[in-house]
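Reading through the structure tokens given below for one structure.
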Amino acid sequence: MPEEVVEWQDAGPFLRGVAWWDGDRCVRADPADAARLPVATWARARMPVGVRLEFVARGPFEVRYRAAALGTVDALREGSRLWEALRDGERVTAVQERPREGARVLRVEWPGGPGVLYPPEGYAPVLLGVRGARPAPRRPRWLVYGDSITEGWSASAPSLGWPALAGRALGLDTVNLGYTGAAHGEPASAEQLAGLPGSVLTLAFGCNCWTGVPYSTGLMGETVAAFLRLVRAGHPRTPLLVVSPLPRPEAEHEPNALGATLAGLRAAMEEAVRARITAGDDRLALLPGAGLIGPGHLVDGVHPDDAGHALVASAVARALREELDVPSGNGFFN
């Protein structure tokens, strides 16, 4: 291995999971198009969920950062308070540090080799520099659109949300576009996805269409059809997996304000996806969500626990491999 760099390097070459930039901040929606997004979507997009550093180091290294959003940690995302370093998918070290105003330096104790460092995303730190490590090789980008479950709520650490787990298993650069309380299949989000480079795409929304912004089954079917059409305008042959809503016991057979149960909304989504596949989209696949986890995996009746996230990750990775022939990556994190 070449001699490690002892001077500060820009953090940019180390960063993964980046969708767009807003000045020096990583954001998860296009700031130039923010006016067309629901307020809830843009609010969540400003949190750098899934953004991380991927590196190779011989030993301890340092990260320079600036806290950008003090006091914004989500109550249901306790794990977002941690700096967490992983090697071969296993946690090597975790540091709980409450950022203060101004630039600070974090020392990461590291045994050597390749790894990934997840920052405390709830504090929205701006990552400024790295010393004592080298950037890891880049991997194909996986764009994952969804709601709070995709964002990783109730996983005990950012590394344990299902997109993070599946991305490491597949050797992909996961770009987390999950928006808590949002992700209703808005056309603006579909067009942003269409313009964002990616080698694989996954859509996993619909639970928020039962409540919050209620959909009828007819509206759900039309929304999914339109969303897929808009995404395909920019990604006509990109492997695309749709995951229908996970189980939510209170909603499965309870009509919302427009008379739709979650079971009915899920069926409408699945029917719209199957119709497009039948019409000739052979790079599109469906993963029905109802049977992926059980009620015992839900910490609050909605969001999966760590075991639930792991089950979803395994099912998604398997579907991408078997249904869409997405190859496993270079083994960097396998």
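- Two residues are said to be in side-chain contact when any heavy atoms from C-beta on lie closer than 4.5 Å; V231 and Y145 fail this criterion.
- The two residues A29 and L37 come nearest to each other via the heavy atoms CB-CD1, 3.6 Å.
- Across all their heavy atoms, P245 and R266 have their closest contact at O-NE, 2.8 Å.
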Exercise for review: Please report the C-alpha distance between D281 and R237 in whole Å, then the side-chain angles of each, then the deciding distance to 0.1 Å, and finally whether the salt bridge (Lys or Arg N to Asp or Glu O under 4.0 Å) criterion is met.
Suggested key: CA-CA 8 Å; D281 192 340; R237 297 291 297 164; 5.3 Å; no
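- Aromatic pair W83/Y65: ring centres closer than 6.0 Å.
- The two residues V18 and L15 make their nearest non-hydrogen contact at CG2-CB, 3.9 Å.
- For Y179 and F205, the ring centers are positioned 6.0 Å apart or more.
- Taking the charged nitrogens against the carboxylate oxygens, D173 and R168 have no contact shorter than 4.0 Å, which rules out a salt bridge.
- A ring-centre distance under 6.0 Å is found for W110 and F55.
- Checked for salt-bridge contact, R36 and E186 miss the test: no charged N lies under 4.0 Å from a carboxylate O.
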Check your understanding: T211 and R248: side chain to side chain contact (heavy atoms under 4.5 Å, CB included), yes or no, with the steps?
Key -> CA-CA 12 Å; T211 187; R248 181 175 177 176; 3.8 Å; yes
Exercise for review: Start with the C-alpha distance between T202 and W142, add both sets of side-chain angles, then the distance that settles side chain to side chain donor-acceptor pair (under 3.5 Å), and finish with yes or no.
Suggested key: CA-CA 8 Å; T202 296; W142 176 30; 2.8 Å; yes
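- Judged by distance alone, the side chain of D10 and the main-chain N or O of G129 form no donor-acceptor pair under 3.5 Å.
- Of the possible polar contacts, none joining the T93 side chain to the A85 backbone as a donor-acceptor pair under 3.5 Å is found.
- In summary, the side chains of T180 and W153 do present a donor paired with an acceptor at a separation below 3.5 Å, with no hydrogens or angles considered.
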Exercise for review: Output, in order, the C-alpha distance, side-chain angles, deciding distance and verdict of salt bridge (Lys or Arg N to Asp or Glu O under 4.0 Å) for R64 and E62.
Suggested key: CA-CA 7 Å; R64 189 168 179 266; E62 294 176 312; over 6 Å; no
Point to revise | Full working for side chain to side chain contact (heavy atoms under 4.5 Å, CB included) between V105 and W8 | key: CA-CA 11 Å; V105 174; W8 285 107; 4.0 Å; yes
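- Taking hydrophobic clusters as Ile, Leu, Val, Met, Phe, Trp and Tyr residues chained together by side-chain heavy-atom distances below 4.5 Å, L219 shares a cluster with V224.
- Partner T150 forms a side chain to side chain contact (heavy atoms under 4.5 Å, CB included) with one of N176, L203, V312 and no other, that one being N176.
- Under a 4.0 Å N-O distance rule, the pair E323/R318 does not qualify as a salt bridge.
- In this structure, the side chain of Q9 engages the main chain of A133 through a donor-acceptor pair within 3.5 Å.
- The side chain to side chain contact (heavy atoms under 4.5 Å, CB included) test with L117 is passed by exactly one of L127, V130, V108: V108.
- Across every non-hydrogen atom of H235 and L143, the tightest pair is NE2-CD1, 4.3 Å.
- For the pair D22 and R25, the salt-bridge criterion is not met [side-chain N within less than 4.0 Å of a carboxylate O].
- Looking only at side-chain heavy atoms (C-beta outward), I293 and H309 stay at 4.5 Å or farther from each other.
- The backbone N or O of G112 lies less than 3.5 Å from a partner atom in the side chain of R87, making a donor-acceptor pair.
- Side-chain contact check for L228 versus V242: some heavy-atom pair is nearer than 4.5 Å.
- The hydrophobic cluster containing L165 does not contain V144, counting ILVMFWY residues as joined when their side-chain heavy atoms lie under 4.5 angstrom apart, directly or transitively.
- Nearest heavy atom pair, residue P249 against residue G301, reads CD-O, 3.6 Å.
- Between the side chain of R107 and the backbone N or O of F61, no donor-acceptor pair lies under 3.5 Å.
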Practice item. Show your working on side chain to side chain contact (heavy atoms under 4.5 Å, CB included) between C26 and W20 and close with a plain yes or no. Key: CA-CA 6 Å; C26 302; W20 290 272; over 6 Å; no
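- Using a 4.5 Å cut-off on side-chain heavy atoms (C-beta onward), R232 and R276 make contact.
- A single hydrophobic cluster is seen to contain both V95 and F14, as judged by linkage of ILVMFWY side chains at heavy-atom distances under 4.5 Å, directly or through other members.
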**Study point:** E84 vs R91, salt bridge (Lys or Arg N to Asp or Glu O under 4.0 Å): CA-CA, chis, key distance, verdict
**Key:** CA-CA 7 Å; E84 183 189 23; R91 180 185 287 182; 3.0 Å; yes
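- Within the 4.5 Å cutoff, side-chain heavy atoms of R66 are placed close to those of L128.
- Counting only N and O atoms by type, the side chains of H303 and D300 include a donor and acceptor under 3.5 Å apart.
- L82 has its side chain out of reach of P120: every pair of non-hydrogen atoms, C-beta onward, lies at least 4.5 Å apart.
- For CZ of R321, the number of neighbouring non-hydrogen atoms (other residues, nucleotides, ligands) closer than 6.0 Å is greater than 12.
- Within a 6.0 Å sphere centred on CD of E252, other residues, nucleotides and ligands contribute more than 12 heavy atoms.
- Between L311 and H297 there is a side-chain heavy-atom pair separated by less than 4.5 Å.
- Two residues are said to be in side-chain contact when any heavy atoms from C-beta on lie closer than 4.5 Å; V49 and P158 fail this criterion.
- Salt-bridge check for E151 with R44: passed, with a basic side-chain N closer than 4.0 Å to an acidic carboxylate O.
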**Study point:** Candidate pair V200 and L240, rule side chain to side chain contact (heavy atoms under 4.5 Å, CB included), full reasoning
**Key:** CA-CA 6 Å; V200 187; L240 197 166; over 6 Å; no
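- The number of heavy atoms from other shown groups lying within 6.0 Å of CD (E271) does not exceed 12.
- Between R138 and G12, the closest heavy-atom pair is NH2-O, 3.6 Å.
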